[in-house]
There are 2 protein chains.
Amino acid sequence: MQDKASRIRKIRSQLRGQLAQEVFKPGSKLPSERTLSELFNVSRMTIKDALESLQSEGLIYCEDRRGWFVAHPRLIYNPLSRMHFHRLVNEQRRKARTQVLDVSSELASPDLMRVMELAELTRIYRIQRCRFIDDRPVLLVENCLNSQYFPDILNEDLSQSLTELYQRHYGYENSRSRFDVQPCAAPENVAQALHLASGQMVLKIIRVNYNRANQLIDCEFEYWRHDAVCIRIDSQSID
Amino acid sequence: MQDKASRIRKIRSQLRGQLAQEVFKPGSKLPSERTLSELFNVSRMTIKDALESLQSEGLIYCEDRRGWFVAHPRLIYNPLSRMHFHRLVNEQRRKARTQVLDVSSELASPDLMRVMELAELTRIYRIQRCRFIDDRPVLLVENCLNSQYFPDILNEDLSQSLTELYQRHYGYENSRSRFDVQPCAAPENVAQALHLASGQMVLKIIRVNYNRANQLIDCEFEYWRHDAVCIRIDSQSID
DNA sequence: TAGTGGTCTAGACCACGGG
DNA sequence: CCGTGGTCTAGACCACTAC
């Protein structure tokens with residue numbers, strides 16, 4: 001790209017190397033941007049740029065107004081498997097937690113009607129939850145359920161696995177699911193929950209689940225901190 | 001997030017709305033950053049920020065030192081299906097092109113040995129290709145083949161589908177594959193091929209393919225412009 | 001309240017793209 | 001060659017976090 005290789009560019013990769021070596025304990029805090037800019041004798045914006053490249057390399061991450069931290073290992077996640085989040089996380093020797101943020105009952109928006117193939121004026125339940133790995137918020141997930149299939153579900157304990165609840169109380173076995181994965185800018189509420197600055201990149205997964213009768217029973221919007229997850233799919237594991 | 005809602009923030013979303021409405025023809029060029037900063041009477045950095053948010057919303061994209069353009073529709077892509085790129089693209093009424101960038105024969109690096117479960121000193125073929133949709137570079141793909149399974153393959157026409165070549169000339173049917181998806185910073189060569197600024201975000205897919213005898217025959221590194229693709233997987237389509 | 005990152009300015013020089 | 005985005009400076013104020 002460059003032949004003269006600007007002085008600052010070098011500092012950038014120097015920073016990269018030093019930081020990566022010096023502090024390897026996941027979650028430990030880096031010096032502040034101001035401190036680093038003095039240390040390296042460059043402007044704060046240059047430091048910010050350098051930190052952001054390290055971030056997109058997955059070495060560090062940023063928490064809005066809290067600082068920069070050394071990255072944790074990514075959670076390996078297969079969206080085709082319907083394994084409970086807590087079990088998945090525990091199997092990878094991490095600590096899981098789920099917090100119910102909001103629960104509501106409302107009429108489906110036009111957008112949702114399209115995604116869920118709903119008739120007009122269909123009532124849906126919306127369950128918004130935040131999920132933590134090692135006490136760090138990494139996933140905001142919003143489930144939209146066709147209310148006719150799930151009477152009284154809002155009275156259940158929603159911090160557990162919904163998939164399991166579907167089975168146990170309603171006899172729905174998930175059979176088919178379809179999902180889209182794409183990076184996008186975090187909407188305001190997502191950014192807030194995940195401690196991201198507004199507009200930061202997240203990994204969005206939209207999943208649509210069908211029961212054995214091929215009825216579309218629920219639809220799920222997942223917003224992952226992109227540095228926290230690795231999507232892995234193995235065609236062998238599909239039965 | 002903000003209560004006083006800074007004047008500039010408003011300009012940002014204004015820009016958003018205006019641009020999104022005004023110029024909708026995919027691929028058409030936006031005014032330059034300098035022009036926009038005069039039009040909106042803000043500094044160039046502010047304009048850049050606004051453009052970058054629009055970019056992560058998928059409305060526009062940037063070509064390194066060429067300018068900003070209105071986004072094209074995303075290619076819907078299922079990494080589980082081994083459909084030829086050209087056919088996939090044509091089915092979505094777009095124009096496909098493949099350009100072979102580099103072909104080489106070398107000893108596997110330690111990293112690659114791990115991924116491909118190779119013994120030491122194994123020779124591999126590396127095929128690097130760039131793929132275009134509507135003449136825009138959107139994907140850089142690097143195939144690493146275990147050379148013992150593919151004698152003389154480097155003499156074939158490599159701009160066609162490799163999957164098909166595997167079948168036709170070597171009798172290998174793909175049976176199982178496993179892949180990882182994750183956003184990351186574009187390495188220098190990828191950025192260059194895709195007309196991205198160095199370090200920009202791309203969607204990386206690492207795929208490992210096995211033949212019917214469960215031999216690991218090749219491994220593929222795909223780097224997609226994240227604005228050009230939507231990963232879609234339907235468990236029903238798996239046979 | 002002190003310290004953090006988020007945002008913004010008004011300049012500047014550079015490398016690269018394309019005529 | 002000129003126009004583009006890429007990068008950088010040396011400040012500044014703000015909103016928010018954490019204590």
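First the proteins, then the strands, lettered A, B, ... as listed; each starts at 1.
Of the candidate nucleotides D:dT9, C:dC8, D:dG5, D:dG5 has the atom lying nearest to any side-chain atom of B:E33. Taking only side-chain atoms of A:W68, from C-beta outward, the nucleotide of C:dT9, C:dG5, D:dG6 with the closest atom is C:dG5. For B:S43, taking side-chain heavy atoms from C-beta onward, the closest of the listed nucleotides C:dG5, C:dC8, D:dA10 is C:dC8.
Rounding to the nearest 0.5 Å gives a distance of 7.5 Å between CG of A:L145 and CG of A:L154.
Atom-to-atom, CG of A:N41 to P of D:dA10 comes out at 8 Å; the value is rounded to the nearest Å. Distance, B:K29 NZ to D:dG5 C1': 9 Å, rounded to whole Å. Rounded to a whole Å, the CE atom of B:M45 is 17 Å from the P atom of C:dA12. Remark: C1' of C:dA15 and CD of B:E63 are 17 Å apart, rounded to the nearest angstrom. Summarising the geometry, the separation between CG on A:L196 and C1' on D:dT17 is reported as 16 Å, rounded to the nearest angstrom. Rounded to a whole Å, the CD atom of B:E188 is 14 Å from the P atom of C:dA15. The nearest whole Å value for the distance from the CZ atom in B:R34 to the C1' atom in C:dA10 is 13 Å. For A:Q192 and D:dT17, the CD to C1' distance is 13 Å, given to the nearest whole Å.
Between A:K95 and A:D135, at least one side-chain N (NZ, or NE/NH1/NH2) sits under 4.0 Å from a carboxylate O, which counts as a salt bridge. B:E63 and B:R225 are joined by a salt bridge, as a carboxylate oxygen and a charged side-chain nitrogen come within less than 4.0 angstrom of each other. Checked for salt-bridge contact, A:R74 and B:D180 miss the test: no charged N lies under 4.0 Å from a carboxylate O.
Dashed line: the shortest gap from a side-chain N or O of B:K48 to OP1 or OP2 of D:dG6 is under 4.0 Å. For D:dT4, the OP1/OP2 oxygens have a side-chain nitrogen or oxygen of B:S32 closer than 4.0 Å.
Where B:I47 and B:R44 meet DNA chain C, the nucleotide closest to each residue was compared, and B:I47 sits on the side nearer the 5' end.
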Return a table of donor-acceptor pairs under 3.5 angstrom between the side chains of residues 83-90 of chain B and protein atoms on other chains or two or more places apart.
from  : atom 1 : to    : atom 2 : distance (Å)
B:H86 : NE2    : B:T98 : OG1    : 2.8
B:N90 : ND2    : B:H86 : O      : 3.0

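The two atoms that bring A:Q92 and A:I76 nearest to each other are NE2-O, 2.7 Å, heavy atoms only.
Between A:Y61 and A:H72, the ring-plane angle classifies as tilted under the 30° and 60° cut-offs.
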Listing time: all N or O pairs from protein to nucleotides 17-19 of chain C that are below 3.5 Å?
from   : atom 1 : to    : atom 2 : distance (Å)
C:dG17 : O3'    : B:R66 : NE     : 3.2
C:dG18 : OP1    : B:R66 : NE     : 3.3

